[in-house]
Structures are given as C-alpha cells and as structure tokens.
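First comes the structure, then the notes that go with it.
All chains are named by letter (A, B, ...) in the order of the sequence lines, taking the proteins before the strands, and each is independently numbered beginning at 1.
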Amino acid sequence: MQYWLFKTEPDAFSIDDLAAMPEQIEHWDGIRNYQARNFLRDNVKCGDQVFIYHSSCKNVGIVGLAEVVKEGYADHTQFNPDSNYYDPKSSPDNPRWVMVDIQFKQKFSQILPLKLIKSMPEIIEIGLVKKGHRLSIMPVQPAEFEYLLSRCQGTS
DNA sequence: GCCAACGTTGGC
DNA sequence: GCCAACGTTGGC
C-alpha cells in the first residue's frame with residue numbers, strides 16, 4: 001500500500017463535497033500534469049490512503065483522509081470540448097490523461113495547516129515542504145504519513 | 001492581486 | 001534539441 005496527497009481548491013471541490021457524494025465516492029479528474037498523470041496511471045492503487053489538501057484558499061493544509069477505490073482510467077473530461085480540461089490532442093484510442101476514484105474516509109476535526117507542517121522537524125520529504133513544488137498529486141513516505149495522521153487525529 | 005517557481009510550447 | 005516566451009500554480 002502506498003500513501004498520497006491530493007490537492008484541491010475547496011472553492012471548486014472540497015472535502016465536504018466529497019463527503020456529500022453518493023457513496024462518498026468521486027472521480028479525481030482534471031489532472032493535466034505529466035508527472036502527476038504518471039503517478040495516477042502507474043502507481044496509485046486500490047486501497048492506497050490519500051490525504052486531502054486544500055490549496056489556494058484562506059486556510060491551506062491537510063483536511064481529511066480518503067481511499068483509492070478505482071485505479072487509473074481515462075479522464076472523460078479530456079474529450080469534452082465544453083470542459084475546461086478539454087485536450088484536442090488526446091483521443092479515446094490513446095487517452096493522454098487518466099483519473100482515479102477516491103472514497104471519503106474522514107474529515108479531521110481541525111485542519112493541519114501548511115505552516116505547521118513546515119515547522120515539523122519530522123517532515124522533510126513530502127513535496128509540500130520543498131521549495132517550488134507544485135505537484136497536485138504527490139507521494140507521501142509511510143513514516144511521514146503516519147506522523148501527519150497522528151497529528152491530525154491527535155487533536156480530535 | 002502579486003510574483004516566484006515551475007511546466008509547456010514552438011520557432012529555429 | 002535549445003531556449004525564450006508564455007501560461008499556470010499556489011502561498012502570501
């Protein structure tokens with residue numbers, strides 16, 4: 001099993017939106033970065049645990065936990081000319097972009113702020129604390145995941 | 001809304 | 001294949 005962190009802008013789709021979905025499952029579409037795509041296509045597996053992170057908002061940080069329930073498949077928004085994520089260079093024969101489905105597991109009673117994460121001496125590997133890292137899908141080392149999770153749940 | 005740090009594009 | 005121009009991300 002592997003651990004991940006997915007970023008989302010809560011104005012567009014938040015942890016609460018995920019929790020409100022039927023069966024609390026939603027497909028994670030709109031990833032248009034090759035490095036992130038490669039993670040989704042090759043490495044994100046069913047049962048993997050995913051931190052949900054809110055970005056570009058008032059309180060940025062880790063807000064909850066989800067689980068992968070469907071592995072990489074073609075992101076349908078790439079074929080839709082009306083979508084913001086439309087990619088005319090992609091074709092159904094050879095889809096360029098993939099997505100996975102995740103299911104809500106938990107919303108933490110308090111957000112774990114980015115500022116706090118950056119101040120933790122235990123946390124040095126995760127892309128969040130590295131300069132200029134903008135990936136919207138990033139792996140999390142098991143030890144760092146466990147530590148962050150304990151900090152999230154310890155406050156509840 | 002600013003701007004630094006990236007990623008992508010396209011001319012050559 | 002280089003690299004300048006451009007677009008995007010995302011914290012502040």
Can you see if the side chain of [X] gets near the phosphate of [N] - specifically, an N or O under 4.0 Å from OP1 or OP2?
| X | N | answer |
| --- | --- | --- |
| A/Lys7 | C/dT9 | no |
| A/Tyr53 | C/dT9 | no |
| A/Lys58 | C/dG10 | no |

Without decimals, in angstroms, what is the distance between [X] [atom1] and [N] [atom2]?
| X | N | atom1 | atom2 | result |
| --- | --- | --- | --- | --- |
| A/Asn33 | C/dG10 | CG | C1' | 14 Å |
| A/Gln35 | B/dA5 | CD | C1' | 14 Å |
| A/Lys131 | B/dG7 | NZ | P | 14 Å |
| A/Trp97 | B/dG7 | CH2 | P | 13 Å |
| A/His54 | C/dT9 | NE2 | P | 17 Å |
| A/Tyr85 | C/dT9 | OH | P | 8 Å |
| A/Asp87 | C/dT8 | CG | P | 14 Å |
| A/Leu135 | C/dT9 | CG | C1' | 11 Å |

Taking OH in A/Tyr85 as the centre, count heavy atoms belonging to other residues, nucleotides or ligands within less than 6.0 Å. Is the count above 12?
no
A/His133 vs A/Arg96, nearer the 5' end of DNA chain B by closest nucleotide:
A/His133
Contacts of type ring pair (Phe, Tyr, Trp, His ring centres under 6.0 Å), residue A/Tyr34, not counting sequence neighbours
A/Trp97
Between A/Glu122 and A/Tyr147, do the side chains contain an N or O donor and an N or O acceptor separated by less than 3.5 Å?
yes
Donor on one side chain, acceptor on other, A/Gln49 and A/Lys105, under 3.5 Å
yes
Of A/Thr77, A/Asn84, A/Asp87, which meets side-chain hydrogen bond (donor to acceptor under 3.5 Å, both in side chains) against A/Arg32?
A/Thr77
The side chain of A/Arg134 is closest to which nucleotide in this list: B/dC6, C/dG11, B/dT9?
B/dC6
What nucleotide among C/dC12, B/dG7, B/dA5 has an atom nearest to a side-chain atom of A/Lys118?
C/dC12
